Amino acid sequence: MIELRTPGEIAAMRPAGRFVADVLTRLTDEVQVGVNLLELDAIAHRMIRDHGAESCYIDYHPSFGASPFGKVLCTSVNDAVLHGLPHDYALQDGDVVSLDFAASVDGWVADSAVTVVAGTARPADSALIDTTRRALAAGIEQARNGHKLGDVSAAIGDVCHAAGYSVNLEFGGHGVGRTMHGDPHVPNDGRPSRGLRLRPGLVIAIEPWLLQTTDRIVTDPDGWTLRSRDGSRGAHSEHTVAVTDGDPLVLTARA
Ligand code: MF3
Ligand code: CO
């Protein structure tokens with residue numbers, strides 16, 4: 001079911017968006033050679049506690065998950081791209097790290113992801129990350145009253161294809177509200193002018209993710225982490241966005 005939020009409800013979602021943005025800003029600064037993924041999760045955990053927020057991940061146990069997620073942050077390194085379960089690993093120079101974080105504040109959820117490099121980035125990795133960012137920006141730009149969901153999807157897909165990447169349609173964006181995952185599903189490729197008509201009050205997470213040389217993924221033995229099938233590296237960029245009667249409102253915008 002598609003739920004539309006009133007302007008008052010959208011306003012009430014802003015603290016969640018700001019909190020998620022603040023956590024990712026802090027974690028982005030912490031990504032350095034030698035830093036352990038468990039420490040990144042611990043920092044996010046402390047920030048949740050100090051803020052009186054609630055994790056959307058720690059008890060999360062969907063049909064595809066082996067057991068409750070148990071951490072508050074997804075850390076997907078190198079050939080991992082989504083749902084990376086933090087584990088005892090110290091970052092090395094050139095590692096590509098996708099940080100995906102969702103939490104609720106005052107009963108409203110925000111969901112966002114960013115990909116950063118520890119130390120010195122390889123050019124091919126910078127290009128991959130940059131493409132997910134540009135795809136996200138292109139998708140957000142289409143999240144307007146009267147547009148169709150297919151306009152958002154097509155804009156994302158166009159940026160990815162133009163840069164030479166193929167797009168996986170198994171995991172994409174989603175409605176966000178009182179819970180992390182709601183309708184509609186927001187595929188990372190599609191056809192313009194097709195699908196749901198976007199209305200003010202629709203709140204969606206838009207989340208392009210890409211792999212260097214494949215669109216196929218496999219699940220790690222940990223039961224959560226999704227890796228590229230060919231070992232090539234991945235990147236992921238995500239914001240929670242509200243459709244308004246004016247410009248798209250990026251609830252998780254970082255300063
Ligand atoms: N935040 C992710 C998304 O963008 C979902 C992570 S679920 C977890 O939809 F299981 F990894 F926690
Ligand atoms: Co999401």
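Note that ligands are numbered from 1 as they come in the structure, with each ligand's atoms numbered from 1 the same way. Note that this is a predicted model, so its numbers are computed, not measured. Position 1 is the first residue of the sequence; numbering continues from there.
- Inclusion of H83 in the set of residues having an N or O under 3.5 Å from an N or O of ligand 1 is not warranted.
- For Y57, a nitrogen or oxygen atom sits less than 3.5 Å from a nitrogen or oxygen atom of ligand 1, counting backbone and side chain alike.
- Inclusion of H236 in the set of residues having an N or O under 3.5 Å from an N or O of ligand 1 is not warranted.
- Screening residues 151-167 for side chain to side chain donor-acceptor pair (under 3.5 Å) gives H161-D189 as the qualifying pairs, with residues at least two apart or on separate chains.
- At distances below 3.5 Å, not a single donor-acceptor pair connects side-chain atoms of N188 with backbone N or O atoms of G157.
- Around the Co ion (ligand 2), the protein atoms of type N, O or S that sit closer than 2.8 Å are D111 OD2, H174 NE2, E207 OE2, E238 OE2.
- In plain terms, the two heavy atoms of T252 and T240 that are nearest each other are OG1-N, 3.0 Å.
- The ring pair (Phe, Tyr, Trp, His ring centres under 6.0 Å) test applied to H83 returns F64, F171, not counting sequence neighbours.
- Interface atoms of ligand 1 facing E238, defined by a heavy-atom separation under 4.0 Å, are 4 (O).
- Scanning the protein for heavy atoms near atom 9 (O) of ligand 1, the closest one is H181 NE2, 2.7 Å.
- With respect to atom 2 (C) of ligand 1, the closest heavy atom belonging to the protein is D100 OD2, 3.2 Å.
- Looking at R46 and E39, a side-chain N of the basic residue comes within less than 4.0 Å of a carboxylate O on the acidic one, giving a salt bridge.
- Summary of contacts: the protein heavy atom closest to atom 8 (C) of ligand 1 is Y60 CD2, 3.7 Å.
- By the rule that hydrophobic residues join a cluster once side-chain heavy atoms approach within less than 4.5 Å of another member, L82 and V218 end up as members of separate clusters.
- In this structure, a donor-acceptor pair under 3.5 Å is present between the side chains of N36 and D88.
- In terms of protein heavy atoms, atom 11 (F) of ligand 1 is closest to C74 SG, 3.0 Å.
- Residue contact check: W224 has heavy atoms under 4.0 Å from atoms 10 (F) of ligand 1.
- With a heavy-atom cut-off of 4.0 Å, F171 does not touch ligand 1 at all.
- A donor-acceptor pair shorter than 3.5 Å can be found between the side chains of H174 and D111.
- Using a cut-off of 4.0 Å between Lys/Arg side-chain N and Asp/Glu carboxylate O, R233 and D79 are scored as not salt-bridged.
- Residue H174 places a heavy atom under 4.0 Å from ligand 1.
- F69 has its ring centre less than 6.0 Å from the ring centre of Y57.
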Identify every side-chain donor-acceptor pair in residues 9-22 under 3.5 Å, counting partners at least two apart or on other chains, and give the distances.
{"unit_1": "E9", "atom_1": "OE1", "unit_2": "T6", "atom_2": "N", "d": "2.8"}

